[in-house]
2 protein chains.
Amino acid sequence: MLLQSDLPLNPSSDDIVGSLRRAILAHRVAPGSKLVEDEVSDVFGVGRSIARTALQALAHEGLVTIIRNRGAFVADPGVREAREVFEARALLEPRTARSAAERATPAAVKLLHKHIAAEHQALQAGDLGKAVYLSGLYHMAIADLADQATIAAMISTLVARSSLIVALYWRRPQALCESHVHHALTDAIAAHDGARAEDLMKGHLVDLLANLDLREKLQIGGSLCDILRQA
Amino acid sequence: MLLQSDLPLNPSSDDIVGSLRRAILAHRVAPGSKLVEDEVSDVFGVGRSIARTALQALAHEGLVTIIRNRGAFVADPGVREAREVFEARALLEPRTARSAAERATPAAVKLLHKHIAAEHQALQAGDLGKAVYLSGLYHMAIADLADQATIAAMISTLVARSSLIVALYWRRPQALCESHVHHALTDAIAAHDGARAEDLMKGHLVDLLANLDLREKLQIGGSLCDILRQA
DNA sequence: CAATCTAAAATTGTCTACAATTTATCATAA
DNA sequence: TTATGATAAATTGTAGACAATTTTAGATTG
């Protein structure tokens, strides 16, 4: 389990949450992976209590699934959940993008450009996982601009879950992605054009969902005999 | 700390979360109250670990605030947060009410009527706290009808936080409340009139917010001398 | 009397031990 | 070989012990 080790010597559970979250969102640990408490506590050099607390926090975010007596696993969202997450984003983010556009300062716009640049760089370096992660940060940055902490927090967890969903269902291995949309969105925000920002965001979310392959992963029912037949 | 004791002998942290949540939402514990870990564990007859886990879960829901080395307190939302919570509800609930109307079955409508009846009964019994709690359940029931678990979960926590907000900022001690609106909404849902349900919900949320007294609780800045002058 | 400091009590943070449960291993039998 | 079942290993659940911190109470001083 690869973890960037820019951590204090006695990390708090929040530090561990952050580190694990980055690892999950950048797809450095596969969905469904087991997260053993002893391993986590060893890696971070803390007792099991703290590791446990961190895993429970991630479970509340929906990035980890805890099954009683079985342990913690990196979340493995199904197609149903994938659709639901984007439904929720569709309700929250377009309006939020509008507010962001109405309030954006030059400094904020500069920050958005920085996010886009970093994402672009990761893409060119071939690190798709990191690019997806950074793309999420861009959406969160917009949410922060709207100055609605409660909504921003909800968007934040939805975006995080989306990152996991993209890892599982993204159709095109290396399409040129959506950096154009992010550019256009940033322009609308810089121009304080709320209506356009709202529309762009709405379309962007539709595009994202459309680029997922949401056929059932494995329909265990009828295909089992087929699998046996092939073998 | 009054708690209905319909709990198993060895309650899980989830049981405790539920019990504490009901107590908080029905205003049986005041916002800002300290929740000492030892007391919680004694009341429920469990070790401190489980009580701790429960309090952390409630903190993730926004019903409890945990301050490091100081402990857990029943959340005490400010006016800012109050506005934000209703902003978020305004983005989520109207559309969700529309979906609910489009999908509602007769059994579901019957359930909504039951909720309204219970709420009405609590109001007549003078138990305002319970009425607010039940009113919240009504909104959650609608969210469940829409068959979007992710959105429903978000609405659920927002409604819960609203209950706390109403406890703090409700203007009229015992106005005839909004049972009429709930009735009209239920009718729209029963008639599968999605558009009307959406409108009613939107208006209902505006009304709720309008009936809050969101002047600053204590504006420590300039008014301190005024207070001293009055004394 | 108010303010400040000190010591005791209370409370939270963390670790570790032990119990309960699940998972893995391996021998046995069909 | 494949199933089945018993045993051992690994892992999680819970409680309690001790350390660190905050809160309280009392004494001291101006």
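The figures here come from the full heavy-atom set of this structure, side chains too, leaving out hydrogens, waters and symmetry mates.
- A perpendicular orientation is assigned to the rings of A:His182 and A:His204, their planes being inclined by more than 60° (bins at 30° and 60°).
- Checked against side-chain hydrogen bond (donor to acceptor under 3.5 Å, both in side chains), A:Asp144 has no partners two or more places apart in sequence or in another chain.
- Under the salt bridge (Lys or Arg N to Asp or Glu O under 4.0 Å) criterion, A:Arg21 pairs with A:Glu61, sequence neighbours left out.
- Atom-to-atom, CG of B:Asp15 to P of D:dG13 comes out at 15 Å; the value is rounded to the nearest Å.
- Here the P atom of nucleotide C:dT12 and the CD atom of B:Gln56 are 12 Å apart, to the nearest Å.
- Rounded to whole Å, the distance from CZ on B:Phe44 to P on D:dT14 is 15 Å.
- For the pairing with A:Val46, the side chain to side chain contact (heavy atoms under 4.5 Å, CB included) check across A:Asp42, A:Val43, A:Ile50 returns one residue only, A:Ile50.
- Using modelled atom types and a 3.5 Å distance limit, the side chains of A:His139 and A:His115 yield no donor-acceptor pair.
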Stepwise salt bridge (charged side-chain N to carboxylate O under 4.0 Å, His left out) check, B:Glu81 with B:Arg161: CA-CA 9 Å; B:Glu81 185 177 335; B:Arg161 291 166 71 185; 3.0 Å; yes

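- Considering only side-chain N and O atoms, A:Lys34 lies nowhere under 4.0 angstrom from the phosphate OP1 or OP2 of C:dT22.
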Sugar-phosphate or base contact per nucleotide [nucleotides 13-21 of chain C; S, B, -; heavy atom under 4.0 Å]: BBB-B---S

